[in-house]
Student: 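Take this structure first; my questions come after.
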Amino acid sequence: MIEVDGLNYEVAGTAILHQVGLALEPGGITALIGPNGAGKSSLLHCMAGLNRPVAGRVRIDGLDPFTAPGEERARAVALLQQSPVVVSRLKVRDLVAFGRWPHHRGRSGARDAALVEAALAAFSLQGLAERPLETLSGGQRQRAFIAMTYAQDTPWMLLDEPLNALDPRHARDLMARLHGLTRGSGRSIVIVLHDINAAAGWADRIVAMKDGRVVAHDASAALLTSQMLADVFDTPFEVLSHRGRAVVVAR
């Protein structure tokens, strides 16, 4: 479980998060949604132990990410930030292998190699494994970075807007893969999304944020109502149903 209690976070004296309290049960996908500036990415970085709050606490399955050694934290939670840096001439397989560093500390073995291959397979990257990152499309690079995060083999994966720069087909494919990876694997994913329909279609739970606060947290089907979305985004919405799934339309 990820537990956040009384969390306040500031940047240069400006309050970003206000008394955030949240308990995320393990399993499945939890989507963080809300307008720009709501604090979604800041909260995700606090959960990962990168943004140090001015008050409050975070626990990842009981671990304090701010006091635990870096290697221990990296074995508990993996974070993919927005717009990761592409290193020239770095091959896909080498990038994915970086995910194993917290485990082997430079002395990789057979298990590390096997988990790298499993990550490449999970995101259909075997045919691209020897390609330099700069020769890939934006969507292919995004899959490679997520595969690196997956190879870290942590109970929790935190993904910050991984659908950026993806066309609808590749966005759907990625969400379907992530959904499948959380089924029976012991993996839990927390993901920041701007695409409300991606959250509606694939997330098990949704956390809605506005002005640095959590305003709603529930199972996706229960949370996605026209009134809640209008309150959060200051825009009227209609929530429809198509083949058993919610479809959100801005009016």
Side-chain angles (χ1 to χ4, degrees), residues 2 26-31 44 47-50 60-61 70-166 169-193 198 202-204:
I2 293 182
I29 295 177
T30 299
L44 199 76
M47 290 177 180
L50 296 186
I60 306 167
D61 295 331
E71 294 87 353
E72 186 177 356
R73 181 180 66 195
R75 290 192 291 267
V77 62
L79 170 69
L80 179 64
Q81 303 185 60
Q82 293 184 41
S83 305
V85 176
V86 176
V87 179
S88 179
R89 294 185 295 278
L90 183 68
K91 293 181 180 179
V92 170
R93 187 187 304 279
D94 297 329
L95 172 72
V96 175
F98 282 148
R100 300 301 306 154
W101 180 261
H103 300 271
H104 62 62
R105 304 297 293 170
R107 301 180 64 181
S108 62
R111 173 171 168 76
D112 301 297
L115 287 170
V116 169
E117 293 305 315
L120 291 169
F123 292 91
S124 299
L125 292 167
Q126 302 99 314
L128 302 174
E130 302 306 319
R131 288 264 301 272
L133 287 174
E134 65 266 27
T135 69
L136 304 184
S137 70
Q140 290 169 331
R141 282 198 300 271
Q142 191 75 312
R143 275 192 285 144
F145 277 102
I146 296 174
M148 176 189 67
T149 309
Y150 180 75
Q152 199 169 323
D153 195 28
T154 56
W156 292 90
M157 292 173 60
L158 311 184
L159 308 177
D160 195 359
E161 298 189 35
L163 302 190
N164 282 357
L166 297 187
R169 181 173 74 86
H170 287 97
R172 183 202 175 281
D173 175 72
L174 177 57
M175 290 304 300
R177 288 174 189 271
L178 294 175
H179 185 268
L181 291 175
T182 63
R183 268 48 200 171
S185 68
R187 300 286 185 109
S188 305
I189 294 176
V190 184
I191 181 171
V192 174
L193 292 174
W202 299 105
D204 300 281

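For this chain, numbers begin at 1 and follow the sequence in order.
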Student: Would you check if Arg143 and Ile146 make a side-chain contact, meaning some heavy-atom pair closer than 4.5 Å?
Tutor: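 Contact flag for Arg143/Ile146 side chains = no.
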Student: Is a donor on one side and an acceptor on the other found under 3.5 Å between the side chain of Arg93 and the backbone of Ala129?
Tutor: no
Student: What distance separates Trp156 CH2 from Ile2 CD1, expressed to the nearest 0.5 Å?
Tutor: 4.5 Å
Student: Nearest 0.5 angstrom please: Gln81 CD to Leu158 CG, how far?
Tutor: 10.5 Å
Student: Are Asp173 and Arg177 ion-paired here, with the side-chain N under 4.0 Å from a carboxylate O?
Tutor: yes
Student: Side-chain contact, heavy-atom cut-off 4.5 Å: Leu193 with Met175?
Tutor: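 They are in contact (side-chain heavy atoms under 4.5 Å apart), so the answer is yes.
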Student: Taking all non-hydrogen atoms of both residues, which atom of Ala119 and which atom of Val96 are closest, and how far apart?
Tutor: CB-CG1, 3.8 Å
Student: Please find the pair of heavy atoms, one from Leu90 and one from Glu134, that lie closest to each other, and give the distance.
Tutor: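 Shortest heavy-atom separation between Leu90 and Glu134 comes out as N-OE1, 4.3 Å.
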Student: Are Leu79 and Met47 close enough that some pair of their side-chain heavy atoms sits under 4.5 Å apart?
Tutor: no
Student: Output all residues satisfying side-chain contact (heavy atoms from CB on, under 4.5 Å) with Asp204, sequence neighbours left out; order by chain, then residue number.
Tutor: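 Residues passing side-chain contact (heavy atoms from CB on, under 4.5 Å) with Asp204: Ile29, Arg183.
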Student: Donor-acceptor pair, Arg100 side chain versus Ala113 backbone, under 3.5 Å?
Tutor: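 Answer holds: no.
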Student: How about Ile191 and Thr30: do any of their side-chain heavy atoms sit closer than 4.5 Å?
Tutor: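 Ile191 vs Thr30: side chains apart.
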Student: Kindly give the heavy-atom pair with the smallest separation between Pro155 and Asp61, and that separation in Å.
Tutor: CB-OD2, 4.2 Å
Student: To the nearest 0.5 angstrom, please state how far the CD atom of Gln142 sits from the NE2 atom of His170.
Tutor: 12.0 Å
Student: Is a salt bridge present between Arg187 and Asp153, judged by a nitrogen-to-oxygen distance below 4.0 Å?
Tutor: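 Asp153 and Arg187: salt-bridged.
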Student: Do you know the tightest heavy-atom contact between Ala144 and Leu125?
Tutor: CA-CD1, 3.6 Å
Student: Considering all heavy atoms of both residues, which atom of Leu163 and which atom of Ala171 are nearest to each other, and what is their separation?
Tutor: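 Nearest heavy atoms, Leu163 then Ala171: CD2-O, 4.0 Å.
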Student: Please report the shortest heavy-atom distance between Ile60 and Ala76, naming the atom on each side.
Tutor: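 For Ile60 and Ala76, the tightest heavy-atom pair comes out as CG2-O, 4.3 Å.
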Student: Quick one: pull up CG in Leu44 and CG in Asp160 and give me the separation to the nearest 0.5 Å.
Tutor: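 The CG atom of Asp160 is 5.5 Å from CG of Leu44, to the nearest 0.5 Å.
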Student: With sequence neighbours excluded, tell me which residues meet side-chain contact (heavy atoms from CB on, under 4.5 Å) with Ala78.
Tutor: Thr149, Gln152, Thr154
Student: To the nearest 0.5 Å, tell me how far Tyr150 OH sits from Leu178 CG.
Tutor: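 So the gap between those two atoms works out to 10.5 Å.
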Student: Going from CG on Leu128 to OG1 on Thr135, what distance comes out if it is rounded to the nearest 0.5 angstrom?
Tutor: 8.0 Å
Student: My understanding is that only residues two or more places apart in sequence, or in another chain, count here; which of them pass side-chain contact (heavy atoms from CB on, under 4.5 Å) with Ala176?
Tutor: Arg172, Trp202
